[in-house]
Amino acid sequence: MNNLASKYDPKAVEEKWYQYWLDHDLFKSVPDEREPYTIVIPPPNVTGVLHMGHMLNNTIQDILIRRARQKGKNALWVPGTDHASIATEAKVVKRLAEQGIKKSDLTREEFLKHAWDWTHEHGGIILQQLRKLGASCDWSRTAFTMDEKRSEGVLRVFVDLYDKGLIYRGLRMVNWDPKAQTALSNEEVIYREENSKLYYLKYYVADDDLTGETGQEGEIVHRDEQGRRYAVVATTRPETIMGDTAMCINPKDPKNQWLRGKKVIVPLVNRVIPVIEDRYVDIEFGTGCLKVTPCHDPNDYMLGKTHNLENIDIFNADGTVSDQSPLYVGMDRMEVRKVISRDLTEAGLMEKVEDYVNKVGYSERNSDTAVEPRLCMQWFLKMRHFADLALPPVMNDEIKFFPQKYKPTYHNWLENIQDWCISRQLWWGHRIPAYFLPAAEGEEERYVVALNDEEALAKARQIPGFEHITAEELRHDNDALDTWFSSWLWPISLFDGINNPGNDEIKYYYPTNDLVTAPDIIFFWVARMIMAGYEYEGKMPFRNVYFTGIVRDKLGRKMSKQLGNSPDPLMLIDKFGADGVRMGMMLSAPAGNDILFDEALCEQGRNFNNKIWNAFRLVNGWDVDENLAQPDHSRLAIDWFQNKLNATLAEVDDLFNKFRISEALMAVYRLFWEDFSAWYLEIVKPAYQQPVDAATMRATKRFFDILLRMLHPFMPFITEELWQHLAERADGESIMYAPLPAEQPVDEAVLASMAEAGAIVSNVRNVRSAKNIAPREAVTLQVVGTWANANAPIIVKLAGLNDIVAVEAKDPTAAAFIVGTTEFAVPLADKVNVEEEIAKLQKELDYARGFLANVEKKLANERFVANAPQAVVAIERKKQADALSKIATLEESLKALKQS
RNA sequence: GGGCGCUUAGCUCAGCUGGUUUAGAGCACCUGCCUUACAAGCAGGGGGUCGGCGGUUCGAAUCCGUCAGCGCCCACCA
């Protein structure tokens, strides 16, 4: 009857259909008269490998884009990759090191050659992996943040913002990554709580005459055995004392009044430094004495500026001690901490060491490297202007965030925004288009900012005194731009909107519709895209932002290589099929929460595929008899399922509009498994080897078609595979473009009637189950009193009845149950167990009485009757009447049973 | 220190502006079934009083307050 295997085999169909879609350019989009629907992919690192976060994120995007196609939109999903400067450069440096090559031995050009080689070697693997998932991106548009167009756009934007006065160069305390040896933005620093130590160091008073008394009331003066006085400073970073140029106390601190105007000696270093006073110092913390190291702490830097302190930079770029320091030159900062702690102790200059928990900043890209505050010249973008552009549209929901809870976070960040350090001391990236003019030692650096060498030269020659400067004399800035300085242009640059403003593509596709991304890049990327969008297009870059959760394991732990709890997505696809994995992702992804991923969910997805597959096998195997009349139960089932389908279509639509995609999937899942397979198909299914009538077959295939369309965004492969068997189609056609039916009204009465019929069927099955009555053994259903349900033929078929008969009083040896207010009974002859029946009915009676008591309590409350809406009171009265009737029925049944 | 969010069956979550029979779903669990679409399955079943306390109300899982626990984001206390 059927040549399809009894199990669905994803491997046999996935590659075939993906190739089919590619061969027929079905993911391709060009502007036309249809309404556009656009998504730009959050570009993964070009040399990255697919992980579970990508799986989730891209599954959602694919679902949205496929659904948009079904809705008749011109759907475009643009793919691409990100050059990820720090991460990629780090990988290249590491690889070179393995070959015995040091970056510092290479020229910029040589290094970049290696980097491009690496990129071409590993680049785009991740995009290949996305195809396995079924991602329907328009691959002909694949972009790279460092390809020609995107690079040109970045430079144009830099020049433009410089010309607008929004970019400046300055000496600032920045976050320095000593491993990558580059500056970082504030956002690239991750603070982690750490168990460290608080070291209490002795700073002796210089030229102490030893005459000072113990001090005034409230003063705390330390003395050693010789009577020499010293101050105690608490610090977590004793290795920076070589850079100390002052000690600071709060002028109002009673403990330390005696130190005012004194000078103290830096331990080991023996440098004499002044005691300064500043209200910045917290009297309560430690001893109230703060060591001031202006070059190695942002706050100390501020103090240094205010109090005109000397700056001693004791660290090199790689975190080793510089020759500015009198001690430990060349030693690594972390090593120094250990050594100096010992040396201080041995010298008797350590008062004590305490355990202390504090937060230490780490580089986001080199997570094992503590960030070092460092004073250096960098490029910055003024952010106030951009914050003012980007805040209102989100706060007033022109751009909607899903879930909404990220709005305050966004607001808070923009309110307190600081200038963005955009320069990186890296080669892999967009080279900063600034050109320095020759300058004498000590003279202030002068530069021009221009798109290319020629323009730079022309600009330079306009500067008085430089009319005859040559290209060779101009020095191109060696630094690259922060990666995010290109990513923030993504929704514009993908359509060449920077280089070629107002072109047809940008006009058609921009603003894009939905952005799907993880919340951890809300500042790095989302906020900045909004800024660039308004600056360069005057419009939002996207209408909705859907923040996915972080993918965790089922115990709620973050996925990590160390824990080994991060499954390989491709292995999962191999095991469960792409559709199964997609479903597994979505089943675990409630909107707005972290997702707890469990392989069992992929298994559930695979099982569902199998369910669909087998339902299809069933229908596919039916023979049609054109002359056969349609049975009543089939006609009724079709009417019911049509209504159920309409209701679910509306429900799914609503859920999608709210980005409740998991719930939408669950609605379709239940519709297919419960309503369609367990009920509808069981009703219309002909007896073994019997044909089905033509009308029922037509309706069933039509339902199947619509169900496949509804499922397609979630499970593109199996739906395409089965769809081809349902209808004749031309080469190049695809379920991907098969529209969903328009909204249709739902007849609630039909649904209610079937619900009642279903309850009756379940009750009879329950009796069968309890009494061990074989499915084939027909039973009779008695109805006590008057009752009517149009779906009686369905009940007869599904409950395996030979008849439904109305009776005045039920058979005394029957198993009884109540649905609604009507009592039903299945005569059992000798099988009845009177005791059990009594117990069962008694339980129901107790429940009904309790229920009634509740209702009557309400109705007895005059204020309820007076104040509650009429409708609510009416409902309560109906409940009361129903309960009374049910109780009467039960009491009568019990009485009869007990007499028998 | 500031801000946000969460706490409903064993697990993961719905339950929107308070009242559609004394709370729903999926999974898990229990019982019985290899009933020719599917054991990756079928049928049936048990299970929560909605974190604690107090308040508003005729009526609260749903609103307010408070306490407890959990989580996230931001912030220069060395």
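Bear in mind that the values here come from a model prediction, so they are computed numbers and not experimental data. Chain naming here is simple, since letters A, B, ... match the order of the sequence lines and numbering starts at 1 in each.
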Novice: Roughly, in whole Å, what's the span from CD in Q870(A) to C1' in C58(B)?
Specialist: 14 Å
Novice: In whole Å, I'd like the distance from the CZ atom of F676(A) to the C1' atom of C38(B).
Specialist: 14 Å
Novice: Hey, does K878(A) reach any base, or is it just sugar-phosphate, or nothing, if we go heavy atoms under 4.0 Å?
Specialist: nothing
Novice: May I ask you to verify whether the side chain of E682(A) and the base of A43(B) hold a donor-acceptor pair under 3.5 Å?
Specialist: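 Per atom types, no contact qualifies.
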Novice: Start at the 5' end of RNA chain B and walk down; is the nucleotide closest to I875(A) or to E674(A) reached first?
Specialist: I875(A)
Novice: Would you tell me whether N175(A) and N186(A) have side-chain atoms, one donor and one acceptor, within less than 3.5 Å of each other?
Specialist: yes
Novice: What's the separation between atom CG in N250(A) and atom SG in C289(A), rounded to the nearest 0.5 Å?
Specialist: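 Reported to 0.5 Å precision, the distance equals 10.5 Å.
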Novice: What contact category does S677(A) fall into here, base, sugar-phosphate, or nothing, at under 4.0 angstrom with non-hydrogen atoms?
Specialist: base
Novice: Should G24(B) form a Watson-Crick or G-U wobble pair with both distances under 3.5 Å, which nucleotide is its partner?
Specialist: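 Partner of G24(B): C13(B).
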Novice: Hey, does the side chain of R606(A) come within less than 4.0 Å of A40(B)'s phosphate (OP1/OP2), counting only N and O?
Specialist: no
Novice: Using the C1' atom as the point on both nucleotides, what is the distance between A61(B) and A14(B), in whole Å?
Specialist: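 After rounding to an integer number of Å, I get 12 Å for this pair.
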Novice: For G44(B), does either OP1 or OP2 sit under 4.0 Å from a side-chain N or O belonging to S762(A)?
Specialist: yes
Novice: Taking the same atom, C1', in G51(B) and in U62(B), what whole-Å distance lies between them?
Specialist: 16 Å
Novice: Can you confirm if the NZ or CZ of K352(A) lies within 45° of the ring axis of Y200(A) and under 6.0 Å from the centre of its six-membered ring?
Specialist: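 Judged by the rule (NZ or CZ under 6.0 Å from the ring centre, within 45° of its axis), K352(A) counts as positioned above Y200(A).
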Novice: Which is true for P869(A) with a 4.0 Å heavy-atom rule: it touches a base, it touches only sugar-phosphate, or it touches nothing?
Specialist: base
Novice: Would you give the length of the straight line joining atom CG of N609(A) to atom CD of Q604(A), rounded to the nearest 0.5 angstrom?
Specialist: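 If I round to the nearest 0.5 Å, the distance is 11.5 Å.
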Novice: Sticking with atom P, work out how far G26(B) lies from G18(B), rounded to a whole angstrom.
Specialist: 28 Å
Novice: Taking a pair as Watson-Crick or G-U wobble with both distances under 3.5 Å, which nucleotide is matched to C33(B)?
Specialist: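 In the structure as shown, C33(B) has G41(B) as its Watson-Crick or wobble partner.
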Novice: Can you give one letter per nucleotide of nucleotides 73-78 of chain B, going 5' to 3': B for a protein heavy atom under 4.0 Å from the base, S for sugar-phosphate only, - for none?
Specialist: SSBBBB
Novice: Nearest-Å distance, CD (Q404(A)) to C1' (C6(B))?
Specialist: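 Checked: the CD to C1' distance equals 17 Å.
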Novice: With respect to the side chain of Y669(A), which nucleotide from C58(B), C27(B), A14(B) is positioned closest?
Specialist: C27(B)
Novice: Using purine N1 to pyrimidine N3 plus N6-O4 or O6-N4 for Watson-Crick, or N1-O2 and O6-N3 for G-U wobble, each under 3.5 Å, what pairs with C70(B)?
Specialist: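 G5(B) - that is the nucleotide pairing with C70(B), both distances being under 3.5 Å.
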Novice: Can you say whether the rings of F547(A) and Y406(A) are parallel (under 30°), tilted (30 to 60°) or perpendicular (over 60°)?
Specialist: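 F547(A) and Y406(A): tilted rings.
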Novice: Please give, in whole Å, the distance from A28(B) C1' to N607(A) CG?
Specialist: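 In whole Å, A28(B) C1' and N607(A) CG are 14 Å from each other.
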Novice: Quickly work out the F402(A) CZ to C16(B) P distance and round it to whole Å.
Specialist: 17 Å
Novice: Taking pairing as Watson-Crick or G-U wobble with both contacts under 3.5 Å, can you name the mate of G65(B), or confirm there isn't one?
Specialist: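 Across all strands, the one nucleotide that pairs with G65(B) is C53(B).
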Novice: Between G15(B) and G65(B), how many Å separate the two C1' atoms, rounded to a whole number?
Specialist: 24 Å
Novice: Check whether NZ of the Lys or CZ of the Arg R606(A) lies under 6.0 Å from the centre of the six-membered ring of F576(A) and within 45 degrees of that ring's axis.
Specialist: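 Cation-pi check for R606(A) and F576(A): fails.
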Novice: When both hydrogen-bonding distances must be under 3.5 Å and the geometry is Watson-Crick or G-U wobble, what is G19(B) paired with, if anything?
Specialist: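 Its partner is C58(B) (Watson-Crick or G-U wobble, both distances under 3.5 Å).
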Novice: Would you give the length of the straight line joining atom NZ of K554(A) to atom OG of S588(A), rounded to the nearest 0.5 angstrom?
Specialist: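 Atom-to-atom, K554(A):NZ and S588(A):OG are 12.5 Å apart.
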Novice: Rounding to an integer number of angstrom, what distance separates G3(B) and A9(B) when you compare their P atoms?
Specialist: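 It works out to 30 Å between them.
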Novice: How far, in whole Å, is A39(B) from C34(B) if one measures between their C1' atoms?
Specialist: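 Per the computed distance, 7 Å lies between those C1' atoms.
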Novice: Using atom CZ of F864(A) as one end and atom P of C58(B) as the other, report the distance to the nearest whole Å.
Specialist: 12 Å
Novice: Does E599(A) pair with K575(A) as a salt bridge, N-O distance under 4.0 Å?
Specialist: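 K575(A) and E599(A): salt-bridged.
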Novice: Which nucleotide wins on minimum distance to the side chain of A868(A), given the candidates G44(B), G19(B), A37(B)?
Specialist: G19(B)
Novice: Whole angstrom is fine here: how far is it from CG in D9(A) over to P in A40(B)?
Specialist: 16 Å
Novice: Going by side chain to side chain donor-acceptor pair (under 3.5 Å), name the residues that satisfy it together with Y191(A), two or more places apart in sequence or in a different chain.
Specialist: none
Novice: Any side-chain N or O of R660(A) under 4.0 Å from OP1/OP2 of G15(B)?
Specialist: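 Yes, such a contact exists.
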Novice: Taking only side-chain nitrogens and oxygens of K611(A), does any of them come within less than 4.0 Å of OP1 or OP2 of C42(B)?
Specialist: yes
Novice: So which nucleotide from A40(B), A43(B), C27(B) ends up closest to the side chain of R765(A)?
Specialist: A43(B)
Novice: Return the nearest nucleotide to the side chain of N867(A); candidates are A40(B), G19(B), C58(B).
Specialist: C58(B)
Novice: If you define the side chain from C-beta out and look only at heavy atoms, does anything of P238(A) sit under 4.5 Å from T240(A)?
Specialist: no
Novice: Kindly say if K685(A) contacts the phosphate of A37(B), meaning a side-chain N or O under 4.0 Å from OP1 or OP2.
Specialist: yes
Novice: For a 4.5 angstrom cut-off between non-hydrogen side-chain atoms, does Y669(A) reach F714(A)?
Specialist: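 No; the side chains remain at least 4.5 Å from each other.
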Novice: Look at all strands and tell whether A678(A) reaches a base, only sugar-phosphate, or nothing, counting heavy atoms closer than 4.0 Å.
Specialist: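 Sugar-phosphate only.
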Novice: Report yes if at least one side-chain N or O of N766(A) is closer than 4.0 Å to OP1 or OP2 of G45(B); otherwise report no.
Specialist: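 Indeed, a polar side-chain atom of N766(A) lies that close.
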Novice: If we take the P atom in both A28(B) and G41(B), what is their distance in whole Å?
Specialist: 9 Å
Novice: Is there a side-chain polar atom (N or O) of W673(A) under 4.0 Å from OP1 or OP2 of C42(B)?
Specialist: yes
Novice: Taking only the side-chain heavy atoms of L596(A) (C-beta and beyond), determine which of U36(B), G26(B), U12(B) contains the nearest atom.
Specialist: U12(B)
Novice: What's the CG-C1' distance between L665(A) and A14(B), to the nearest Å?
Specialist: 14 Å
Novice: For U36(B) and C11(B), measure between their C1' atoms and round to the nearest Å.
Specialist: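 My reading of the C1' atoms in U36(B) and C11(B) gives 37 Å.
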